[in-house]
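Notes follow the structure.
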Amino acid sequence: MGLQFQLPKNVQLDSTKAHAALDVLLSQEGAGSEFTGWLEQPTNYDQDELTRILALSKQVQNHSDVLVCIGIGGSYLGTKAILDALLPTFAKGDTKVLFLGQTLSSSYTKQVLDYLRDKDFSVNVISKSGTTTEPAVAYRLVRKLMREKYSKEEIKKRTFITTDKEKGALKGLATEEGFETFVVPDEIGGRYSFLTAVGFFPLAVAGIDVHALIEGAKKGQELYQKKDSDAVQYAAMRNALYEEGKKIELFVCYEPNLIMIGEWFKQLFGESEGKGGKGIFPASVQFTTDLHSMGQMIQDGERTLFETVLWVNEPEFDIRVPKEEENTDDLAYLEGTSLHTINEKASTGVKRAHEEGGVPNAIITLDRIDAENIGQLLYFYMYSCGISAYMLGVNPFDQPGVEAYKKSMFQELGKPGYEG
């Protein structure tokens, strides 16, 4: 069954507006249309490049304990979300994928570099330009460490660059040093890029079934261009609730390994819709954990939010509450009950309480957490985001506001050309 979407109670959808926005997206003639290559990516990806990626990933697995992925934003979040969703939390034995360049924290960066000193590692630098501050600083530090550990020939074998196909600082460096390169397609923006080399290479190194991920997205590509699809309904729901004054969307999951899906969701909708004084603010929580910190605000705070719950029907593992002679913890009524059943009952009760408190609840249901379902889920969100942004009247594929903070930051750092 894959993915299913359930609307909240009593939401009136503007189907005409939603269908018009879908037509704009499918025509690839709307604002930002030059960045809609992801629409056909599940059936139009570079198969020759993927074959090369899979072969090179095997080489990395053979000679490296760790692959360091250096990137930020869309060059980081999608891959991290998929890895966290699909790999065991305490995985051992396989090549570990670590991330650097997604933060300027000196403490975190130092810890990663120290961890790498006694490991055999490779590096995958992911940046369209090669000059984005956070990954550029991180790569300079990693290059220094590699020169201390490895010969020039060994560094060449262990360095992989994912960047523009023709230009940019990283492309020039890769050509000069003879590094293997993969392409960030011109027609696909970072937050829509999980089905490109940006995601494929580190995911393959980690042992993820990339072909199954593609198959899930391919299923979404077939389904979501229909006017009655779940993706269209979700986009229409978001805009209907926005018009009713619901300005915050809470991504809710009940599985800790899906938390990073929420972080990716926040970039996807935040960068795509937050323009011109418009946009639903994307936030995320993990239940039941965050009910003990955010539950009060959700239940009784300002009525400006709605929830979209991501629920998984079949957990990978399940356990039951054991029987004890003494009922000191008052759990006798749950003895023999599976933990997943308790989690499910909790989710049903939370949904009812929040709805009664004025918080609409939509539900996205997955059969299980596997590569195919995650591929369909991410594609569902991207498709819905494009439709939702067009309904809002903004370009889903640019991020002009990002330049404001960069300019101010460069002024503080004294970057040439940004004085004053």
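These numbers were taken from a predicted model, which means no experiment stands behind them.
Residues Glu355 and Arg352 are not paired through a salt bridge, judged by the lack of any N-O separation under 4.0 Å between the basic side chain and the carboxylate. Between Glu273 and Arg238, at least one side-chain N (NZ, or NE/NH1/NH2) sits under 4.0 Å from a carboxylate O, which counts as a salt bridge. A salt bridge is absent between Arg52 and Asp48: the closest approach of a Lys/Arg side-chain nitrogen to an acidic carboxylate oxygen does not fall below 4.0 angstrom. Between Lys128 and Asp164 there is a salt bridge, since at least one side-chain N of the basic residue sits less than 4.0 Å from a carboxylate O of the acidic one.
Within a 6.0 Å sphere centred on CG of Asn10, other residues, nucleotides and ligands contribute 12 heavy atoms or fewer. Around the CZ atom of Arg117, the shell of radius 6.0 Å holds more than 12 heavy atoms that belong to other residues, nucleotides or ligands. Shown here is Lys246, whose NZ atom has more than 12 heavy atoms of other residues, nucleotides or ligands within 6.0 Å. Other residues, nucleotides and ligands place no more than 12 heavy atoms under 6.0 Å from the CE atom of Met297. The 12-atom threshold is exceeded at NE2 of His63, counting heavy atoms of other residues, nucleotides or ligands nearer than 6.0 Å. Annotation: Glu316, atom CD; neighbour count of heavy atoms from other residues, nucleotides and ligands within 6.0 Å does not exceed 12. Other residues, nucleotides and ligands contribute over 12 non-hydrogen atoms within 6.0 Å of the NZ atom of Lys119. Crowding of Lys247 atom NZ: a count of heavy atoms from other residues, nucleotides or ligands under 6.0 Å exceeding 12.
Shortest non-hydrogen contact noted between Ser33 and Gln28 is CB-O, 3.0 Å. Nearest heavy-atom pair, Ala240 versus Gln12, reported as atom, atom and distance to 0.1 Å: CB-O, 3.4 Å. A pairwise comparison of heavy atoms in Ala85 and Ile374 identifies CB-CD1, 4.1 Å as the closest pair. Heavy atoms only, all atoms of each residue included: Leu113 and Leu145 are closest at O-CD2, 3.8 Å. Heavy-atom minimum distance, Ala169 versus Thr131: CB-CG2, 4.0 Å. When all heavy atoms of Ile70 and Pro135 are compared, the pair lying nearest together is CG2-O, 3.4 Å.
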Checklist entry - Would Tyr379 and Phe194 count as a ring-ring contact (aromatic ring centres under 6.0 Å, His included) if you check the C-alpha gap in whole Å, the side-chain angles of each, and the deciding distance to 0.1 Å? => result CA-CA 9 Å; Tyr379 193 82; Phe194 82 97; 7.7 Å; no
Next on the checklist: Under the criterion ring-ring contact (aromatic ring centres under 6.0 Å, His included), I'd like the reasoning laid out for Phe380 against Tyr234: C-alpha separation, chi angles, the key distance, then a yes or no.
Outcome noted: CA-CA 9 Å; Phe380 164 86; Tyr234 175 56; 5.4 Å; yes
Checklist entry - What's the verdict on side chain to side chain donor-acceptor pair (under 3.5 Å) for Glu249 and Thr308, showing C-alpha distance, side-chain angles and the deciding distance? => result CA-CA 7 Å; Glu249 178 177 13; Thr308 301; 2.6 Å; yes
Item to check | Derivation of the side chain to side chain donor-acceptor pair (under 3.5 Å) call for Gln221 and Thr43 | outcome: CA-CA 8 Å; Gln221 182 182 355; Thr43 52; 3.1 Å; yes
Checklist entry - Between Phe35 and Tyr192, does a ring-ring contact (aromatic ring centres under 6.0 Å, His included) hold up when you go through it step by step? => result CA-CA 9 Å; Phe35 297 109; Tyr192 294 84; 9.5 Å; no
Item to check | Audit row: Leu173, Tyr139, side-chain contact (heavy atoms from CB on, under 4.5 Å) steps and yes/no | outcome: CA-CA 12 Å; Leu173 176 67; Tyr139 184 38; 3.6 Å; yes
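Cys69 contributes atom SG, which lies 8.5 Å from atom CG of Leu203 (distance to the nearest 0.5 angstrom). Interatomic distance, Thr36 OG1 to Leu26 CG, rounded to the nearest 0.5 Å: 10.0 Å. Taking CZ from Arg303 and CD1 from Ile298, the interatomic distance works out to 9.0 Å, rounded to the nearest 0.5 Å. In this structure, Phe410 CZ and Glu403 CD are separated by 8.0 Å, a value rounded to the nearest 0.5 Å. Taken from OG in Ser284 to CG in Leu258, the straight-line distance is 11.5 Å, to the nearest 0.5 Å. From Glu255, atom CD reaches atom CH2 of Trp311 across 7.0 Å, with rounding to the nearest 0.5 Å.
Residues Lys218 and Tyr45 fail the side-chain proximity criterion, which asks for heavy atoms closer than 4.5 Å. Contact annotation: the side chain of Val112 never approaches that of Phe99 to less than 4.5 Å [non-hydrogen atoms, C-beta and beyond]. The shortest side-chain heavy-atom distance between Phe200 and Ile208 does not fall under the 4.5 Å cut-off.
Partners of Glu222 under the side chain to side chain donor-acceptor pair (under 3.5 Å) rule, at least two apart in sequence or in another chain, do not exist in this structure.
Side chains of Asp230 and Tyr383: no donor on one and acceptor on the other come within 3.5 Å. Between the side chains of Ser107 and Ser105, no donor N or O sits under 3.5 Å from an acceptor N or O. A donor-acceptor contact closer than 3.5 angstrom is absent between the side chains of Thr365 and Asn313. Side chain to side chain, Thr289 and Gln286 meet the donor-acceptor criterion of an N or O pair below 3.5 Å. A donor-acceptor contact closer than 3.5 angstrom is absent between the side chains of Asn239 and Glu243. Checking Asn361 against Glu307 by side-chain atom types alone, a donor-acceptor pair falls below 3.5 Å. Side-chain contact of Ser338 with Arg320: a donor-acceptor pair under 3.5 Å is absent, judged by distance alone.
Listed for the Ser122 side chain is no donor-acceptor partner under 3.5 Å among the backbone atoms of Ser64. For Ser347 (side chain) and Glu344 (main-chain N/O), a donor-acceptor pair under 3.5 Å exists by modelled atom type. The main-chain N or O of Glu271 is found under 3.5 Å from a side-chain atom of Lys275 such that the two form a donor-acceptor pair. When atom types are taken as modelled, the side chain of Ser57 and the backbone of Leu54 share a donor-acceptor pair closer than 3.5 angstrom. Not one N or O on the side chain of Ser408 forms a donor-acceptor pair closer than 3.5 Å with the backbone of Tyr405. The backbone N or O of Ala204 sits less than 3.5 Å from a side-chain atom of Gln61, completing a donor-acceptor pair. Of the possible donor and acceptor atoms, none in the side chain of Asp120 sits under 3.5 Å from a partner among the backbone N and O of Asp65. Thr162 places no side-chain N or O within donor-acceptor distance of the main-chain N or O of Ile126, the cut-off being under 3.5 Å. Ser388 contributes no side-chain N or O that, together with a main-chain N or O of Cys385, makes up a donor-acceptor pair within less than 3.5 Å. Without hydrogens or angle criteria, Thr132 side chain to Glu134 main chain gives no donor-acceptor distance under 3.5 Å.
Arg147 forms no cation-pi arrangement with Tyr150, by the criterion of a distance under 6.0 Å to the ring centre and an angle within 45° of the ring axis. Judged by the 6.0 Å distance and 45° axis criteria, Arg158 is not positioned over the aromatic ring of Phe121.
For Phe160 and Phe179, the gap between ring centers reaches or exceeds 6.0 Å.
Taking the six-membered ring where the residue is Trp, Phe397 and Trp38 present tilted rings, their angle falling between 30° and 60°. Taking the six-membered ring where tryptophan is involved, the planes of His354 and Phe287 are perpendicular, since the angle between them exceeds 60° and thus also 30°. Ring geometry, Tyr381 versus Phe251: the interplanar angle falls from 30° to 60°, so the pair is classed tilted.
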